[in-house]
Colleague: 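Can you read through this structure? Questions will come right after.
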Number of protein chains: 2
Amino acid sequence: MTPKLTESQEDYLKKIFLLSEKHDNPVSALDISEHLKVKPASVTNMLKKLSELNLVDYKPYYGARLTRAGELVALEVLRHHRLLELYLSEILGFGWEEVHEEAEKLEHVISERLEAKIAEKLGHPTHDPHGDPIPSADLELPDDSHRYPLTRLKVGQKGFISRVTTQDTDSLNMLSRLNLTLKAQLEIIGQERNGVRVEVEQDRFLLPLELASKIWVETH
Amino acid sequence: MTPKLTESQEDYLKKIFLLSEKHDNPVSALDISEHLKVKPASVTNMLKKLSELNLVDYKPYYGARLTRAGELVALEVLRHHRLLELYLSEILGFGWEEVHEEAEKLEHVISERLEAKIAEKLGHPTHDPHGDPIPSADLELPDDSHRYPLTRLKVGQKGFISRVTTQDTDSLNMLSRLNLTLKAQLEIIGQERNGVRVEVEQDRFLLPLELASKIWVETH
DNA sequence: GCTATAAATTAGATAAGACTAAATAAAACC
DNA sequence: GGTTTTATTTAGTCTTATCTAATTTATAGC
Ligand SMILES: [Mn+2]
Ligand SMILES: [Mn+2]
Ligand SMILES: [Mn+2]
Ligand SMILES: [Mn+2]
């Protein structure tokens with residue numbers, strides 16, 4: 001029933017899942033191509049194969065959608081990835097900007113037994129070091145509907161950073177230096193054409209939209 | 001200079017290193033073939049490739065010997081492997097019979113940074129859960145000349161188990177059940193044609209030669 | 001030293017996953 | 001609606017690492 005997928009196949013499925021979260025259209029080959037850093041021809045190739053395995057719905061010039069089976073694979077890999085990120089961060093003292101790359105490789109090779117041990121050690125956590133939700137052991141995602149990107153908040157609202165949706169090492173490092181890390185308290189000072197003006201601790205920043213849209217906040 | 005080796009290449013180099021430890025002859029293709037569970041033709045193929053990379057000395061019908069460069073790769077992988085085994089065992093509560101398989105895959109994907117974190121967490125250990133020596137960060141093997149297989153000891157000698165040279169899950173599990181684990185105190189009661197007779201705690205066993213030869217002891 | 005057996009190599013096939021270049025389909029533009 | 005641009009697919013090549021089958025070389029027995 002599960003003839004063991006390759007690393008590549010797992011990465012495609014995971015990426016399709018992540019790209020699907022942004023809209024409900026099928027994911028385009030070009031989109032996958034860019035995010036996976038392979039050429040579009042390679043994507044078409046792989047989509048055909050995954051389609052034959054009934055892991056994606058694919059028709060030429062249509063794009064790709066995960067089947068339920070494909071979604072379950074994606075969630076499993078995502079669980080590995082995010083548990084590993086948290087483990088590296090919490091237990092081994094990695095910075096949040098370092099964990100993604102390492103987890104990207106480890107996610108494919110850890111056994112279910114190791115996954116379980118890690119989850120146990122971490123107390124069955126629901127979110128990783130970037131605030132990304134960790135699928136539970138039975139592959140359900142926790143409810144995250146109460147978090148919003150900075151760009152959607154109104155002036156005067158206060159809250160704390162609850163998620164950062166970039167994996168870029170240098171961006172994450174930059175945010176650390178600005179004390180824009182998880183749980184940091186902040187207030188919206190202004191929503192402007194060129195960014196979001198915020199107050200954090202003693203500091204004030206004008207965060208470019210590009211960056212602000214990746215910082216999610218829980219208000220209180 | 002180091003164009004990143006594949007998992008396969010690393011496994012071949014590691015296996016050649018381990019097989020070389022048993023004698024000083026070049027390692028035969030058949031030997032590699034059996035231990036790596038690939039066909040001899042595949043071995044020949046790979047040896048040619050590794051030879052071109054100057055990682056092994058290879059001439060047709062001669063066998064393979066690691067070059068210094070190849071040996072360093074092998075030691076690096078071995079360090080990963082054994083550190084991981086110990087980590088899984090000590091920190092995550094895996095049994096000594098479970099760790100080998102897991103480490104076999106992880107050894108190829110951990111970064112030098114993760115290797116260092118693990119070594120640090122473990123206090124820069126010199127031996128893994130089977131008593132196998134762990135190469136140091138600069139790839140030196142600790143001196144292990146004071147340990148001998150059970151089959152070489154004389155009647156009356158006492159000591160403790162210091163190394164077990166099998167990775168077979170079921171054999172290791174069996175040994176656990178018999179309390180024949182690292183540090184177990186024992187005394188040689190007899191050296192016989194069909195095995196070594198030992199006393200461990202309250203128990204006495206006649207260990208078949210096949211098994212006894214894999215149990216190494218430090219005497220006192 | 002010849003012969004039988006065992007070991008190793010060669011040759012050719014296959015599968016996975018990437019690529020380039022060319023062809024085709026869809027979308028956007030006016 | 002025809003034309004240009006963009007996206008996608010097809011066709012064919014490459015690399016890595018396997019395999020099987022056939023051949024060659026080495027070793028062991030007598
Ligand atoms: Mn990955
Ligand atoms: Mn994350
Ligand atoms: Mn391995
Ligand atoms: Mn070991």
Side-chain angles (χ1 to χ4, degrees), chain A residues 2-16 19-20 22-23 25-66 70 73-74 77 104-105 107-109, chain B residues 2-16 19-20 22-23 25-66 70 73-74 77 104-105 107-109:
Chain A
T2 317
K4 239 167 226 164
L5 302 177
T6 66
E7 255 182 66
S8 233
Q9 292 172 331
E10 289 185 348
D11 277 338
Y12 273 90
L13 292 172
K14 188 181 62 169
K15 194 56 80 180
I16 294 168
L19 292 171
S20 293
K22 299 183 180 166
H23 49 67
N25 311 320
V27 181
S28 77
L30 188 62
D31 215 4
I32 299 172
S33 160
E34 281 164 353
H35 282 87
L36 238 37
K37 286 170 189 154
V38 296
K39 299 293 178 237
S42 306
V43 174
T44 299
N45 237 37
M46 182 59 93
L47 290 182
K48 281 183 188 168
K49 174 145 293 169
L50 293 174
S51 177
E52 267 168 34
L53 294 171
N54 287 307
L55 296 169
V56 306
D57 284 331
Y58 166 76
K59 276 167 292 192
Y61 299 101
Y62 155 87
R65 242 184 234 285
L66 293 182
V73 173
V77 178
E104 197 59 50
K105 295 181 294 176
E107 64 188 0
H108 308 287
V109 301
Chain B
T2 317
K4 238 169 227 167
L5 301 177
T6 65
E7 266 184 46
S8 233
Q9 291 171 332
E10 289 185 349
D11 278 337
Y12 273 91
L13 293 171
K14 189 182 59 167
K15 193 57 79 178
I16 294 167
L19 291 171
S20 293
K22 300 184 180 167
H23 50 68
N25 310 320
V27 181
S28 75
L30 189 61
D31 215 3
I32 299 171
S33 160
E34 282 163 356
H35 283 86
L36 238 37
K37 286 169 189 156
V38 295
K39 299 293 177 236
S42 306
V43 174
T44 299
N45 236 41
M46 181 59 93
L47 290 181
K48 281 184 189 169
K49 174 146 292 166
L50 293 174
S51 178
E52 268 168 34
L53 294 171
N54 287 307
L55 296 169
V56 306
D57 284 331
Y58 166 76
K59 275 168 291 192
Y61 300 99
Y62 155 86
R65 244 183 233 285
L66 293 182
V73 173
V77 179
E104 196 58 51
K105 295 182 294 178
E107 64 188 1
H108 308 288
V109 301

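Values in this document were obtained by computation on a predicted structure and should not be read as measured data.
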Colleague: Mind running side-chain contact (heavy atoms from CB on, under 4.5 Å) on A/L13 and A/V77 for me, showing each step along the way?
Modeller: CA-CA 9 Å; A/L13 292 172; A/V77 178; over 6 Å; no
Colleague: Residues two or more places apart in sequence or in another chain: which of them pass side-chain contact (heavy atoms from CB on, under 4.5 Å) with A/A64?
Modeller: A/I16, A/L47
Colleague: For nucleotides 15-20 of chain D, list the nitrogen or oxygen atoms of the protein found under 3.5 Å from its nitrogen or oxygen atoms, one pair per line.
Modeller:
residue : atom : partner : partner atom : Å
D/dT16  : OP2  : B/K49   : NZ           : 3.3
D/dA17  : OP1  : B/T6    : OG1          : 2.2
D/dT18  : OP1  : B/S8    : OG           : 2.5
D/dT18  : OP2  : B/S8    : OG           : 3.4
D/dT18  : OP2  : B/Y12   : OH           : 3.4
D/dC19  : OP2  : B/K39   : N            : 2.8
D/dC19  : OP2  : B/S42   : OG           : 2.7

Colleague: Would you find a donor on one side and an acceptor on the other, under 3.5 Å apart, between the side chain of A/S51 and the backbone of A/D57?
Modeller: no
Colleague: Expressed in angstrom and rounded to an integer, what is the separation of B/L30 atom CG from D/dT27 atom P?
Modeller: 14 Å
Colleague: Measure from CG on A/L47 to P on C/dA18 and round the result to the nearest Å.
Modeller: 11 Å
Colleague: Just how far, in rounded Å, is P of C/dA15 from CG of A/L53?
Modeller: 14 Å
Colleague: Among all residues two or more places apart in sequence or in another chain, which pass the salt bridge (Lys or Arg N to Asp or Glu O under 4.0 Å) test with B/E104?
Modeller: B/K14
Colleague: Roughly how far apart are A/Q9 CD and A/E7 CD, rounded to 0.5 Å?
Modeller: 11.0 Å
Colleague: In whole Å, what is the span from the NZ atom of B/K48 to the P atom of C/dA8?
Modeller: 14 Å
Colleague: To the nearest Å, give me how far apart OH (B/Y62) and C1' (D/dT27) are.
Modeller: 18 Å
Colleague: For a side-chain contact (heavy atoms from CB on, under 4.5 Å) check, start with the C-alpha distance between A/V56 and A/V27, then their side-chain angles and the critical distance, and finish with the verdict.
Modeller: CA-CA 11 Å; A/V56 306; A/V27 181; over 6 Å; no
Colleague: Under the side-chain contact (heavy atoms from CB on, under 4.5 Å) rule, collect the residues that match up with B/K22, sequence neighbours excluded.
Modeller: B/L19, B/H35
Colleague: Testing A/D31, A/L36, A/V38 one by one against A/V43 for a side chain to side chain contact (heavy atoms under 4.5 Å, CB included), which residue passes?
Modeller: A/V38
Colleague: For A/Y61, give me all partners under side-chain contact (heavy atoms from CB on, under 4.5 Å), at least two apart in sequence or on another chain.
Modeller: none
Colleague: If you look only at pairs with a residue in residues 38-50 of chain B, which of them pass as a side-chain hydrogen bond (donor to acceptor under 3.5 Å, both in side chains), with sequence neighbours excluded?
Modeller: none
Colleague: Show the distances under 3.5 angstrom between N or O atoms of the protein and N or O atoms of nucleotides 23-27 of chain C.
Modeller:
residue : atom : partner : partner atom : Å
C/dA25  : O4'  : A/Y61   : OH           : 3.4

Colleague: For nucleotides 1-4 of chain C, which of its nitrogen or oxygen atoms have a protein nitrogen or oxygen under 3.5 Å away, and what is each distance?
Modeller:
none

Colleague: Could you pull out all residues at least two apart from A/N54 that satisfy side-chain contact (heavy atoms from CB on, under 4.5 Å)?
Modeller: none
